[in-house]
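Single-structure report; data block below.
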Amino acid sequence: MKHTARPFVIIGVILLIAFVLSIVVGSVFISPQVLFDLVISRLEGVASKADPGGTFATILFQLRLPRAVLLLLVGAALAGSGAAYQGLFRNPLADPFLIGVASGAGLGAVIAMTIHWPYTTLGLIAIPLAAFIGAVVAVLLVTQLARVGKTVPTTNLIMAGVSVSSFASAITALLMINSTGELRRALVWLLGGSTLTGWGPVMGVLPYLLIGGGVLLTLGHSLNVMQFGDEQAQQLGIPVQKVRWIVIVSATMVTAGAVAFAGVIGFVGLVVPHIIRLLWGGDYRRLLPLSMLGGAGLLLLTDVAARTIAAPQEIPVGILTALMGAPFFLWLLKRSKSQNYW
Amino acid sequence: MKNHFIKILCIILLGILLAGCKKSVSLVSPTIQPTRNAIELVDGLGRTVRLAQPAQRIVSMAPSATEILFSVGAGGQVVGRDSFSNYPEQAKSLQDVGGSMGSYSYEMIASLKPDLVVAAEINTPEQVKALEDLGINVYYFSNPKTLDELYSILETSGTLTGHTPEAATLVASLKTRVQVVVEKTATTSTQPVVFYEIDGSDPAKPWTPGPGAFLDLLINMAGGENVGSALQSDWAQISVEEILVRNPDMILLGDSIYGVSPADVAARDNKVYGFNADLVSRPGPRLVDGLEALSMSIHPELYK
């Protein structure tokens, strides 16, 4: 525990680089001087001289910056809840979508897409709203199905989660096949293509992450103790059932918020906690915050790639997270000397 | 108790979500002075689109929109196009603004400083909203369901781009060509059964146009009977058994532009032909080319 701060510094620097990159890189080239001038002029509240038409300012402040902030929040939400779920279920395969958030949100979104919404504010937020409701309903259903009296055994939760997810995904697929309109819209959404731009989605995600993420960060100690098993933890003074509910509610909150606005982005929530664990061990007091920072960094870097590989075409970021993250994780796994890092 | 807590929490959270979705404010506000050239039209999403003058810098978000713009003589005003726009030839050299996998580069579009972006039904309302938030004028075309709707889209495009006379000439010539096909078709009493394959990637149940698809309408106008018209939705997968039972007189492979050849298709004594799907899958002026091509395939005897 001598170098407690070091992992935070390393991840912090990576996150900072990722953030700057995602602001600087785009399909339109804006030179660093112009970017700098734009930021300074904005802070001074005057129009930039380097950007007479205001186009670069629009690109920077209405496209790149909100997108970077949104992905930062989403990455943190997914990786943070992934770490919490892995601790709660004591299962290395647990991810933020384990108990139905993604498939519930997917079903909600696709149901909303089958309706021809009028072009109004309500019509435009109908899809994120339906996704959010779908996610919450799916998790409520899973917890109700898994409940035995006043307790929720983890095995029941996982099994109910997997079944409800499969069921919801099947209905989603059925709706998509039967839809008369564009399949691509649903497909892109399910692959993590963000649907809305600007600051609206950021403001939508922010409260969930602040509340849910904040709560998750306080649970490090409890999750550490719970690694010894429920009975042991109970005897050591951890209210196991209560912690379980708090984790489920908080993780559902942050992932549902994230999925509603950014679509289903896989892999980040599963693998970032493992990367952190491989590098700096499994103490949840550090694992949770480091996963959030790392998830934000990984998602931002992936998005930079998604926007540049085939520019001006943009690849849904959900495809690239696994495409880029998996080899990196396997390399780390192969390199690690320990037989069993979990 | 716990459950009530969760329910109440969900309601609160929904409230926050809704509050977060307030309308974002645009940095660039459109400054349009009403002039005598001002144009005001309602688009396919029911949005009122106002232009101070006919659009001079246009970005097209769909292949059909690109074809429509070029066909009314506004090709010279188009400064950007989506990745799939490959017709006419001149469109290919324009700036690509993305569009495959449903995502466009908004920053590329913004950097082109368009005074009008033309969207079509392959674009989502969210994409329209994103451009609107950037202070860009967007006109959204719904897919035409009939040829008359196609004509009115062409006329609207003429108005938006200042090419009203060219659009009127185009519509008149399209109407004449359609009339020729209709008159020829009227002289024949046979109605060959046609199976049109949109996509046979799943050979056991290929995709085919059902009732309500523009193709269904065109096949009927060209004097054929569409096997798919017995299905439920406008694009649908049909069982191969059903095709065998209907025993079509002719099979048209719309996926031949993706490399499927008549030799790949197991057919009994049917006539199998490749067909340029771009003519009939894009709701633009080439639908009439598609109608003529269908007519010649289905009733070659009328063209001897």
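Here is the naming used below: chain letters follow the sequence lines, and residue numbers restart at 1 for every chain.
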Rounding to 0.5 Å, atoms CG (L63(A)) and CE (M108(B)) come to a distance of 12.5 Å
side-chain contact (heavy atoms from CB on, under 4.5 Å) for Q62(A) and Y106(B)? Distances and angles first, verdict last.
CA-CA 10 Å; Q62(A) 284 184 267; Y106(B) 297 115; over 6 Å; no
Evaluate side-chain contact (heavy atoms from CB on, under 4.5 Å) for T197(A) paired with L134(B), printing each intermediate quantity in order.
CA-CA 10 Å; T197(A) 57; L134(B) 297 176; 5.8 Å; no
Counting heavy-atom pairs under 4.5 angstrom with chain B, the leader among T55(A), I248(A), I319(A) is T55(A)
Once side chain to side chain contact (heavy atoms under 4.5 Å, CB included) is applied, do any residues pair with A126(A), and if so which ones, sequence neighbours excluded?
W117(A)
Can you tell me which portion of Q237(B) sits under 4.5 Å from chain A's heavy atoms? Options are side chain, backbone, both or neither.
side chain
May I ask you to decide if G44(B)'s main-chain N or O and Y119(A)'s side chain share a donor-acceptor pair within less than 3.5 Å?
no
Decide side-chain contact (heavy atoms from CB on, under 4.5 Å) for R67(A) and E107(B); before the verdict, give the C-alpha distance in whole Å, the side-chain angles of both, and the deciding distance to 0.1 Å.
CA-CA 12 Å; R67(A) 175 157 171 163; E107(B) 52 181 77; over 6 Å; no
Checking L60(A) against chain B: side chain, backbone, both or neither under 4.5 Å from a heavy atom?
neither
Which one wins on heavy-atom pair count under 4.5 Å against chain A: A213(B), S105(B), A236(B), S83(B)?
S105(B)
Between the OG1 atom in T58(A) and the CG atom in D133(B), the distance rounded to the nearest 0.5 Å is 11.5 Å
Please identify each residue that fulfils side chain to side chain contact (heavy atoms under 4.5 Å, CB included) with A120(B), with sequence neighbours left out.
A62(B), S64(B), N123(B)
